[in-house]
Number of protein chains: 2
Amino acid sequence: MADVKRDSAIAEVDKQDVPVADEWELFSTPAPLINMASRGLMRLAERRLKPFGASAGQLPVFYLLRDGGAMTQRDLARLARIEQPSMAQTLARMERDGLIRRASDPRDGRSSLISLTKKALAKAPALRGALHAGRAELVEGFSEAEIAMLCDLLRRLNRNLDRGVAKEIAE
Amino acid sequence: MADVKRDSAIAEVDKQDVPVADEWELFSTPAPLINMASRGLMRLAERRLKPFGASAGQLPVFYLLRDGGAMTQRDLARLARIEQPSMAQTLARMERDGLIRRASDPRDGRSSLISLTKKALAKAPALRGALHAGRAELVEGFSEAEIAMLCDLLRRLNRNLDRGVAKEIAE
DNA sequence: ATATTATACATAGGTACCTATGCAATGGCT
DNA sequence: AGCCATTGCATAGGTACCTATGTATAATAT
């Protein structure tokens, strides 16, 4: 009986004896809801992917190199929309785990061309399956129109965020 | 001219010479959009809060203890919806920075009652101002109805996530 | 009263991001 | 050819999460 309780204190706030009034304030705005969703997604993805020896941050790499192609670290970072050091760290872990290989770029001595190993390519279908299932679970009870609406709103939000960051840099 | 470029490679994908077809695939589903939004929010919040000597993860603590009250670490974690060790780490940093104080709980020898220091309480109004501004910027161009819709969709998504996690634990 | 279970916290280790900064190869410009 | 800004990557250090596990106190059941 206590087993269900042991796992995560997060999913069961409303059954507590603590006043819940604050919660509405804390999660009445989009930002914390997005943050919470992101953390939930990460946890779920981690749980789904771990059995296959992969993790959430590696997914863009798997996706971008899925057809056996090669790419520069810079391009991987840019297409995955993360900063270069973040991608460097992810690639370091993937190399450690034998998922990627680096070949020196003949046209540029600074960079190397990253590609998935056979081991990684073999995992790809399983990962895609896990993601597909996860996606279905995530939007369970949503109509296609609602999903499209959500994506649209999020894209607009992201545009605002990009703009905001850019603006503040220009002083 | 290059100054605008230096800051962040993330906000300027579409002006590149790299094929963009993949990007649509990578960001056509809610999950990556949420992840991206969350990272954007974090970056923005960090930038807004740093001048005041605070950071994003501390906001729930500031909020929950804003009236000078005290609370257990456990309750802080539960109301902020993060795991206990995460809250412990946040509190450790806040203590390091002189933002919180711990008083031993007379009714329970295991826990201590956390409260904001005067220094932290003094910051609170500024933080609230920064957040208010940030929130406005975030949802710029959104109608109130759209914001409400977004929050509603996100809440449903979060429920699905909670349920998914709970389900997988029950085997 | 004592033994067991549950709870509150601490600690260890890991992922995924970020910014700031240094270094080395490139590619113009003169 | 030689200088120099740019670019690709590496490294250092930090925040914010997570899971797994240990430890002491508290609550409960015998």
Side-chain angles (χ1 to χ4, degrees), chain A residues 1-3 5-10 35-36 38-47 49-50 54-61 71-78 80-97 102 104-114 165 169, chain B residues 1-3 5-10 35-36 38-47 49-50 54-61 71-78 80-94 96-97 102 104-105 107-114 165 169:
Chain A
M1 182 203 273
D3 295 323
K5 223 172 199 168
R6 255 202 95 267
D7 52 286
S8 163
I10 296 178
N35 179 40
M36 196 172 112
S38 179
R39 289 187 287 115
L41 281 168
M42 212 65 126
R43 292 204 299 162
L44 203 56
E46 217 63 46
R47 209 171 282 200
L49 297 178
K50 194 164 222 170
S55 62
Q58 306 175 349
L59 288 176
V61 180
M71 209 178 276
T72 283
Q73 180 185 110
R74 168 182 164 270
D75 286 342
L76 286 172
R78 194 163 51 194
R81 289 196 163 242
I82 61 176
E83 298 290 340
Q84 168 263 319
S86 306
M87 180 54 76
Q89 194 186 29
T90 294
L91 291 177
R93 285 199 273 256
M94 293 184 78
E95 189 170 31
R96 176 201 65 189
D97 298 345
R102 308 173 124 107
S104 56
D105 187 339
R107 291 178 318 195
D108 193 328
R110 292 166 297 181
S111 56
S112 52
L113 295 171
I114 320 278
V165 170
I169 279 158
Chain B
M1 181 203 275
D3 294 324
K5 224 174 199 168
R6 255 202 94 268
D7 54 286
S8 164
I10 295 180
N35 178 41
M36 196 171 113
S38 178
R39 289 188 286 117
L41 281 168
M42 211 67 124
R43 292 205 297 164
L44 203 56
E46 217 65 45
R47 209 172 283 199
L49 297 178
K50 193 164 223 169
S55 61
Q58 307 175 348
L59 289 177
V61 179
M71 208 178 278
T72 283
Q73 181 186 106
R74 166 182 165 271
D75 286 341
L76 286 172
R78 196 164 49 197
R81 289 198 164 240
I82 62 176
E83 298 291 340
Q84 167 262 320
S86 307
M87 182 53 76
Q89 194 184 30
T90 293
L91 291 176
R93 284 198 273 255
M94 291 184 79
R96 175 202 65 191
D97 297 346
R102 308 173 125 107
S104 57
D105 187 340
R107 291 178 318 195
D108 193 328
R110 294 166 295 181
S111 55
S112 52
L113 295 172
I114 319 279
V165 170
I169 279 156

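Values below: all heavy atoms of this structure, side chains included; hydrogens, waters and symmetry mates excluded. In this text the structure is predicted, and so the values were computed from the model without any measurement.
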Exercise. Mind calculating the distance between CG (A:Leu44) and P (D:dC17) to the nearest angstrom?
Key: 18 Å
Quiz item: C:dC18 phosphate, OP1 or OP2: any side-chain N/O from A:Ser86 under 4.0 angstrom?
Solution: yes
Quiz item: Among C:dA10, C:dC9, D:dG8, which is the nearest nucleotide to the side chain of B:Ala88?
Solution: C:dA10
Quiz prompt | A:Asn35 vs D:dC17: side-chain N/O to OP1/OP2 distance below 4.0 Å | solution = yes
Practice problem: Without swapping roles, check the side chain of B:Gln89 against the backbone of B:Ser86 for a donor-acceptor pair under 3.5 Å. | Solution: no
Quiz item: Starting at the 5' end of DNA chain D, which residue's closest nucleotide do you reach first, B:Arg93 or B:Pro85?
Solution: B:Arg93
Exercise. May I ask you to verify if any side-chain N or O of B:Arg74 is less than 4.0 angstrom from the OP1 or OP2 atom of C:dT7?
Key: no
Practice problem: Look up atom CG in A:Asp97 and atom CZ in A:Arg93, then write down how far apart they are to the nearest 0.5 Å. | Solution: 9.0 Å
Quiz item: To the nearest 0.5 Å, how far apart are CE in A:Met42 and CG in A:Leu44?
Solution: 12.0 Å
Quiz item: Whole Å only: how far is the CZ atom of B:Arg107 from the C1' atom of D:dT25?
Solution: 15 Å
Practice problem: In whole angstrom, give the distance that lies between atom CG of B:Leu91 and atom P of D:dA16. | Solution: 11 Å
Exercise. Starting from C1' on C:dC17, measure out to CZ on B:Arg47 and report it in whole angstrom.
Key: 14 Å
Quiz item: Under 4.0 Å: is that the gap between some side-chain N or O of B:Arg39 and OP1 or OP2 of C:dC18?
Solution: yes
Exercise. Using whole Å, report how far CG of A:Leu59 lies from C1' of C:dC17.
Key: 15 Å
Quiz item: Which of the following nucleotides, D:dT19, D:dC9, C:dC17, is nearest to the side chain of B:Glu83?
Solution: D:dT19
Quiz prompt | Spacing of A:Leu76 atom CG relative to D:dG8 atom P, expressed in whole Å | solution = 13 Å
Quiz item: Do A:Arg110 and C:dT26 have a side chain to base donor-acceptor pair shorter than 3.5 Å?
Solution: no
Practice problem: Report the residue (A:Asp105 or A:Met42) whose heavy-atom-nearest nucleotide on DNA chain C is the more 5′ of the two. | Solution: A:Met42
Self-check item: Pairwise distance CE(A:Met94) to CD(A:Gln58) - rounded to 0.5 angstrom
Solution: 4.5 Å
Quiz item: What residues, two or more places apart in sequence or in another chain, satisfy salt bridge (Lys or Arg N to Asp or Glu O under 4.0 Å) together with A:Arg102?
Solution: A:Glu95
Quiz item: Can you tell which of D:dG8, D:dC9, C:dC9 lies closest to the side chain of B:Gln84?
Solution: C:dC9
Exercise. Verify the contact: side-chain N or O of B:Arg43 to OP1 or OP2 of D:dT15, cut-off strictly under 4.0 Å; return yes or no.
Key: no
Exercise. Using atom CE of A:Met71 as one end and atom C1' of D:dG8 as the other, report the distance to the nearest whole Å.
Key: 16 Å
Quiz item: Mapping A:Ser111 and A:Lys50 onto DNA chain D by nearest heavy atom, which one lands closer to the 5' end?
Solution: A:Ser111
Quiz item: Atom CD of B:Gln58 to atom P of D:dC17: distance rounded to whole Å?
Solution: 10 Å
Quiz item: Is there a donor-acceptor pair under 3.5 Å between the side chain of A:Arg39 and the backbone N or O of B:Arg81?
Solution: yes
Quiz prompt | Side chain of B:Arg96 - closest among D:dC17, D:dG8, D:dT15 | solution = D:dT15
Exercise. Please determine, for the side chain of A:Thr90, which listed nucleotide (C:dC17, C:dA8, D:dG8) has the closest atom?
Key: C:dC17
Quiz item: Under 4.0 Å between a side-chain N/O of B:Gln89 and OP1 or OP2 of C:dT11, yes or no?
Solution: no
Self-check item: 5′-ward residue of the pair A:Ala56/B:Arg102 relative to DNA chain C
Solution: B:Arg102
